[in-house]
Amino acid sequence: MEVSTDGIVLKARPYGERDMILTLLTPEHGRITVLARSVGKNKKQSVLYAQNFVFSHFVLFKGKGMYVVNSADVHEAFYGLRQDLSRLALAQYFVDVAAKSGAETDAAALCSLLLNSLYLLSSTDLDERLIKLVYETKYCIIEGVFPEVTCARCGKQPAKWSFRDGFCCEECGNGYPITQGMISALRHISQNEGKKAYLFSMNDDSVHYLSKLLSDYVSFVTDTDFLSLEYYRSLRITL
Ligand SMILES: [Zn+2]
């Protein structure tokens, strides 16, 4: 059976001497694992589609076992990422997070979020920290694990965020303190689609604080400590 689909490489690992096993995120089939033959180290010219982040159109053959790549046409390789260590590390974190998405995820929405975020990281000078905030927030919304940004008990303006219980106002519960500026940013992100979601501003301290909080929340909901995130943070400190 032949399957024709767009896909972004989330993970690529060697398999035998010259083959690779790719984890793809596809809009129609969700996350799938495919075997890419003869793309290993000896054939440098043909391996572009088998690298992380690369977005291609695939023709796959499904036999008894896993999908096998028949052909692949690269749509976008996000070359810009390779020129900036910090943005490259962030892109790696984005695909690692996408690889944790659930079986019920709206894969088309996640593909579009990932592509938009990689494009902005690779081809624009938009503040990468804002791209990260949007990616993490939207990821949690798509996964159905982002709470409504009002007090979960009384509906008032929230002032705290509890990872277990959601947002709450000053009176109704406990959690990490959040400011009105951060609430506005989270509402802006959740209420806007496409590139518009990334267009907002916040002061440096708030960006730093909210970025840490959202990463911790993504770790919490995926039950994962992301090595790529630790690497990204170590770069931000030394750069
Ligand atoms: Zn309340």
With hydrophobic residues grouped by side-chain heavy-atom distances under 4.5 Å, do L115 and V74 end up in a single group? no
Y67 meets the ring pair (Phe, Tyr, Trp, His ring centres under 6.0 Å) criterion, sequence neighbours left out, with none
Original post:
Are side-chain heavy atoms of E136 and I189 found at a separation under 4.5 Å?
Top reply: no
Task: Cluster overlap I8 with I32, hydrophobic side-chain contacts below 4.5 Å - done: no
With a sphere of 6.0 Å drawn around NE2 of H29, does it hold more than 12 non-hydrogen atoms of other residues, nucleotides or ligands? yes
Would one find more than 12 heavy atoms of other residues, nucleotides or ligands at under 6.0 Å from atom CG of D223?
no
Check your understanding: Checking D19 side chain against S38 main chain: does a donor-acceptor pair fall under 3.5 Å?
Key -> yes
Practice problem: For the residue pair S56 and D73, confirm or rule out a side-chain donor-acceptor distance under 3.5 Å. | Solution: no
Exercise. Is L25 linked to V97 within one hydrophobic cluster, defined over Ile, Leu, Val, Met, Phe, Trp and Tyr using a side-chain heavy-atom separation of less than 4.5 Å?
Worked result: yes
Closest non-hydrogen contact found for V145 with P147 is O-CD, 3.6 Å
Residues passing the salt bridge (charged side-chain N to carboxylate O under 4.0 Å, His left out) test with K196, sequence neighbours excluded, are none
Please tabulate, for the side chains in residues 118-126, all donor-acceptor contacts under 3.5 angstrom to protein atoms that are two or more places apart in sequence or on a different chain.
| residue | atom | partner | partner atom | Å |
| --- | --- | --- | --- | --- |
| S122 | OG | G80 | N | 3.4 |
| T124 | OG1 | L120 | O | 2.6 |
| T124 | OG1 | L126 | N | 3.4 |

Pair N52, Q92 - check side chain to side chain contact (heavy atoms under 4.5 Å, CB included), show working.
CA-CA 8 Å; N52 272 8; Q92 182 60 48; 2.9 Å; yes
Contacts of T224 meeting side chain to side chain donor-acceptor pair (under 3.5 Å) (sequence neighbours excluded), chain-then-number -> none
Correct closest heavy-atom pair for V54 and Y49 would be CG1-CA, 4.0 Å
Worksheet item: Are D216 and K212 ion-paired here, with the side-chain N under 4.0 Å from a carboxylate O?
Response: yes
Distance col, row L24:CG vs T33:OG1, nearest 0.5 angstrom, shows 8.0 Å
pair M202-L210: side-chain heavy atoms closer than 4.5 Å:
yes
Heavy atoms of L235 and L85 approach each other most closely as CD1-O, 3.6 Å
Query raised in the report: When you check the side-chain N and O atoms of Y198 and S117, is any donor under 3.5 Å from an acceptor?
Result: yes
Nearest heavy-atom approach of S86 to R236 is OG-CD, 3.9 Å
Does the pair L186 and T137 meet the rule for a side chain to side chain contact (heavy atoms under 4.5 Å, CB included), with working shown? CA-CA 7 Å; L186 290 173; T137 306; 3.8 Å; yes
query: Should V39 and L10 be counted in the same cluster of Ile, Leu, Val, Met, Phe, Trp and Tyr side chains packed under 4.5 Å apart?
result: no
Tracing side-chain contacts under 4.5 Å among Ile, Leu, Val, Met, Phe, Trp and Tyr outward from Y15 reaches I21, L35, M66, V68
* To do: Say whether H57 and T5, considering side chains only, have a donor N or O and an acceptor N or O under 3.5 Å apart.
  => no
Applying ring pair (Phe, Tyr, Trp, His ring centres under 6.0 Å) to F94 and not counting sequence neighbours gives Y135
What about F226 and Y93, are their ring centers closer than 6.0 Å? yes
For residues 160-173, which side-chain donor-acceptor pairs fall under 3.5 Å, sequence neighbours excluded?
| residue | atom | partner | partner atom | Å |
| --- | --- | --- | --- | --- |
| K160 | NZ | E170 | O | 3.2 |
| K160 | NZ | G173 | O | 2.9 |
| S162 | OG | R164 | N | 3.3 |
| S162 | OG | D165 | N | 3.0 |

CG of L60 to CE of M1, rounded to nearest 0.5 Å, is 9.5 Å
Closest non-hydrogen atoms of A197 and V134, given as atom of the first, atom of the second and distance, are O-CG2, 3.5 Å
Contacts of H75 meeting ring pair (Phe, Tyr, Trp, His ring centres under 6.0 Å) (sequence neighbours excluded), chain-then-number -> F55
Do any N or O atoms from the side chain of R31 and from the backbone of T26 form a donor-acceptor pair under 3.5 angstrom? no
What one should report as the nearest heavy-atom pair of L81 and R87 is CD2-O, 3.9 Å
- Any chance CD of E148 has more than 12 other-residue heavy atoms, nucleotides or ligands included, within less than 6.0 Å? no
Sorted by chain and residue number, the ring pair (Phe, Tyr, Trp, His ring centres under 6.0 Å) partners of F200 (sequence neighbours excluded) come out as H188
Rounding to 0.5 Å, atoms OG (S219) and CG (L229) come to a distance of 6.5 Å
Could you walk me through whether H208 and D205 pass the side chain to side chain contact (heavy atoms under 4.5 Å, CB included) check?
CA-CA 5 Å; H208 186 77; D205 286 348; 5.7 Å; no
**Item:** Check: V3 and V59 side chains under 4.5 Å, non-hydrogen atoms
**Value:** no
#### Entry: Same apolar cluster: V9 and F53, side chain cutoff 4.5 Å
no
Interatomic distance, SG@C140 vs CZ@F220, rounded to 0.5 Å, equals 11.0 Å
ask   = Within a radius of less than 6.0 Å around CZ of R37, do more than 12 heavy atoms belonging to other residues, nucleotides or ligands occur?
value = no
Cluster membership besides L227, Ile/Leu/Val/Met/Phe/Trp/Tyr side chains within less than 4.5 angstrom, sorted by chain and number, is none
Quiz item: Around R82, counting heavy atoms of other residues, nucleotides and ligands shown, do more than 12 lie under 6.0 Å from its CZ?
Solution: yes
Applying salt bridge (charged side-chain N to carboxylate O under 4.0 Å, His left out) to D204 and not counting sequence neighbours gives R129
Could you walk me through whether M182 and Y209 satisfy the side chain to side chain contact (heavy atoms under 4.5 Å, CB included) test, starting with their C-alpha distance in whole Å, then the side-chain angles of each, then the deciding distance to 0.1 Å, before giving a yes or no? CA-CA 9 Å; M182 295 173 202; Y209 179 84; 3.3 Å; yes
Contacts under 3.5 angstrom, residues 103-114 side chains, donor-acceptor by atom type, not counting sequence neighbours:
| residue | atom | partner | partner atom | Å |
| --- | --- | --- | --- | --- |
| T105 | OG1 | G102 | N | 3.1 |
| T105 | OG1 | G102 | O | 3.0 |
| T105 | OG1 | E143 | OE1 | 3.4 |
| T105 | OG1 | E143 | OE2 | 2.4 |
| D106 | OD1 | A108 | N | 3.3 |
| D106 | OD1 | A109 | N | 3.1 |

Interatomic distance, CD1@I178 vs CD1@I183, rounded to 0.5 Å, equals 4.0 Å
Separation between NZ (K138) and CG (N192), nearest 0.5 Å, reads 7.0 Å
### Query
Does a side-chain N-to-carboxylate-O contact under 4.0 Å join K132 and E128?
no
